[in-house]
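To keep things clear, I will list the structure first and then write my remarks on it.
Worth saying up front: this structure is predicted, and the values here are computed from it rather than measured. Residue numbers run from 1 in the order of the sequence given.
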Amino acid sequence: MTARPIPETVASLMPRAREELAELVAFQSVADPAVFPRSECEGAAHWVADALRAEGFTDVALLDTPDGTQSVYGYLPGPAGAPTVLLYAHYDVQPPLDESAWISPPFELTERDGRWYGRGAADCKGGFIMHLLALRALKADGGVPVSVKVIAEGSEEQGTGGLERYAEAHPELLRADTIVIGDTGNFRAGLPTVTATLRGMSMLRVQLDTLQGNLHSGQFGGAAPDALAAMIQLLASLRAEDGTTTVDGLTGDADWDGIQYPEAEFRQDAKVLDGVELIGTGTVADRIWARPAVTVIGIDCPAVVGATPSVQASARAQVSLRVPPGHDAAEATKLLTAHLESRAPWGARVKVEQVGQGQPFRADMSSPAYRAMADAMRDAYPGQEMQSSGMGGSIPLCNALAGLYPEAEILLIGLSEPEAQIHAVNESVSPEELERMSVAEALFLRNYAESKKA
């Protein structure tokens, strides 16, 4: 059986894929009701469920997970004796941030310069469309040769762990021989890549209080303890002068021994301004894949416009700590909490609240599924061999699934190459990458089914 029909079929399905992705992107499915109404996530969940039913999935269900969101599940039975493959994506998205900075509306899929722009186009609504394309191509080429479970998560970006806890309470639901996580991406557009490692994550909110209320800075400034200044000093203690993360008790000197990330390419991908230095030490790959990294992702403080000359009584910040393989996220959370509690200046009262946590992950690339994927990617990307890289982001579900199903093989692929700018304004997906990765996934499913017969 030749692989030619699958690429041709996927190519013919791309106009439909664009229409479907546009429909899915239109849902403002940020899993935080303080940002967008819950009905937006519910609408996206129903859209995903309807898409699965249309493809012949049975047992399609909207699962009410413990964090108050919904994940969508469906099952497509394969031939008797065939292995079962779980396909994962998430339909929730990051907030659009500053909508005025988007060249086109964030929830309106817009084609520009050969790319499709919209929040979630790559991360990870495009991943769900990728799964649909792969399955449709296999149906047109004689049928899907494996049993397929699909799970589309509703709160991955929030890190609140709803699906993880649901899976732990219903351990048979997502059991599979192999799990394909469609939420990472290629190291570079056109270079087929599987993700070998993920950093875990700890998310904390810290509040400092110094006064019963704000004070006139002219009358009291200079002696009254300023909570905002205390917060600035506390947050500064999380980094060395060169920008290296410095959490008391947390080591950060591991090296990355896989594919390297040239500094010039990283500067271009990250859009670092001319003359601005990168932070940290070691190679770029060391810093973003193998070592802890702290980021202050939000501060509650008065806006510049309308600010009054006041000494601030309270300040609050949200801090993200990325935790590489080799570290335990729970222990890293304890260390970060202790650091924040002990380093606040001037006896400021400190309150630290954990709002998210996920363990790091390392894949076993010696498994048969990876060999099947390497062959599939070679065919989908002629002239290219499959590469492996790390990923600085976190997918907490990976460790939950690895713990529940230790015999399952877990592969991480997706559409988020550097130009996609996931989590930033003007997120986009390359339709060429969507097409080729859909071909690769379809060929993988066929290769994997054949390998199980041997």
Side-chain angles (χ1 to χ4, degrees), residues 1-13 52 55-60 73-89 127-128 130-151 167 171-182 184 192-196 363-388 398 401-402 404-414 435-454:
M1 182 182 297
T2 67
R4 185 175 300 274
I6 286 178
E8 291 177 359
T9 300
V10 171
S12 71
L13 290 170
L52 293 179
E55 296 302 319
F57 277 74
T58 61
D59 302 326
V60 176
Y73 169 82
Y75 176 67
L76 183 69
T84 298
V85 177
L86 174 67
L87 304 179
Y88 168 90
F128 178 74
M130 176 183 73
H131 294 328
L132 290 183
L133 282 170
L135 296 174
R136 288 168 181 165
L138 287 168
K139 286 182 179 179
D141 192 40
V144 180
V146 297
S147 293
V148 176
K149 294 179 179 180
V150 167
I151 188 72
E172 290 304 312
L173 183 71
L174 302 183
R175 186 176 299 278
D177 298 288
T178 284
I179 299 167
V180 178
I181 305 290
T184 60
T193 311
V194 292
T195 300
D364 176 11
M365 292 189 58
S366 65
S367 68
Y370 275 90
R371 292 193 291 273
M373 182 61 79
D375 291 340
M377 286 185 160
R378 188 181 302 114
D379 289 337
Y381 290 80
Q384 297 286 352
E385 293 291 328
M386 182 181 79
Q387 303 292 320
S388 65
C398 283
L401 295 178
L404 286 170
Y405 318 119
E407 302 304 317
E409 303 172 73
I410 300 178
L411 299 92
L412 297 100
I413 61 172
E435 182 175 339
R436 287 182 289 196
M437 287 304 300
S438 300
V439 170
E441 181 167 284
L443 295 176
F444 161 74
L445 293 173
R446 194 175 65 184
N447 293 347
Y448 181 66
E450 290 296 325
S451 72
K452 289 299 184 179
K453 294 178 182 177

Notebook entry, point to check: When you look at Y88 and L174, which way does the side-chain contact (heavy atoms from CB on, under 4.5 Å) test go after all the steps?
Noted result: CA-CA 10 Å; Y88 168 90; L174 302 183; over 6 Å; no
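- Looking at residues two or more places apart in sequence or on another chain, you find a ring-ring contact (aromatic ring centres under 6.0 Å, His included) between F444 and Y448.
- The distance from the CG atom of D59 to the CG atom of L173 is 9.5 Å, given to the nearest 0.5 Å.
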Note to self: salt bridge (charged side-chain N to carboxylate O under 4.0 Å, His left out) for D177 and K452? Distances and angles first, verdict last.
What the structure shows: CA-CA 10 Å; D177 298 288; K452 289 299 184 179; 5.6 Å; no
Item checked: Candidate pair I413 and M130, rule side-chain contact (heavy atoms from CB on, under 4.5 Å), full reasoning -> CA-CA 11 Å; I413 61 172; M130 176 183 73; 4.2 Å; yes
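- One finds the CZ atom of R175 at 8.0 Å from the NZ atom of K149 (value rounded to the nearest 0.5 Å).
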Next item on the list: Evaluate the side-chain contact (heavy atoms from CB on, under 4.5 Å) criterion for residues L135 and L445: first the C-alpha distance (whole Å), next the side-chain angles of each, then the deciding distance (0.1 Å), finally the verdict.
Entry: CA-CA 9 Å; L135 296 174; L445 293 173; 4.1 Å; yes
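- Put simply, the side chain of L52 does not reach to within 4.5 Å of the side chain of Y73, judged on heavy atoms.
- Residue pairs satisfying the salt bridge (charged side-chain N to carboxylate O under 4.0 Å, His left out) criterion with at least one member in residues 436-445, sequence neighbours excluded, are listed as follows: E433-R436.
- If you take OG1 on T84 and CG on L76, they are separated by 10.5 Å, rounding to the nearest 0.5 Å.
- A donor-acceptor pair under 3.5 Å links the side-chain atoms of Y405 to the main chain of P171, judged by distance alone.
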Next item on the list: Give the intermediate values and the outcome of side-chain contact (heavy atoms from CB on, under 4.5 Å) for residues L401 and L86.
Entry: CA-CA 11 Å; L401 295 178; L86 174 67; 4.3 Å; yes
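- A donor-acceptor contact shorter than 3.5 Å links the side chain of S147 to the backbone of G78.
- At least one side-chain heavy atom of P77 sits under 4.5 Å from a side-chain heavy atom of T58.
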Considering only distance and modelled atom types, tabulate donor-acceptor pairs under 3.5 Å from the side chains of residues 368-375, sequence neighbours left out.
{"unit_1": "Y370", "atom_1": "OH", "unit_2": "I410", "atom_2": "O", "d": "2.8"}
{"unit_1": "R371", "atom_1": "NH1", "unit_2": "S366", "atom_2": "O", "d": "3.1"}
{"unit_1": "D375", "atom_1": "OD1", "unit_2": "R378", "atom_2": "NH1", "d": "2.8"}

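- Interatomic distance, D364 CG to E409 CD, rounded to the nearest 0.5 Å: 7.5 Å.
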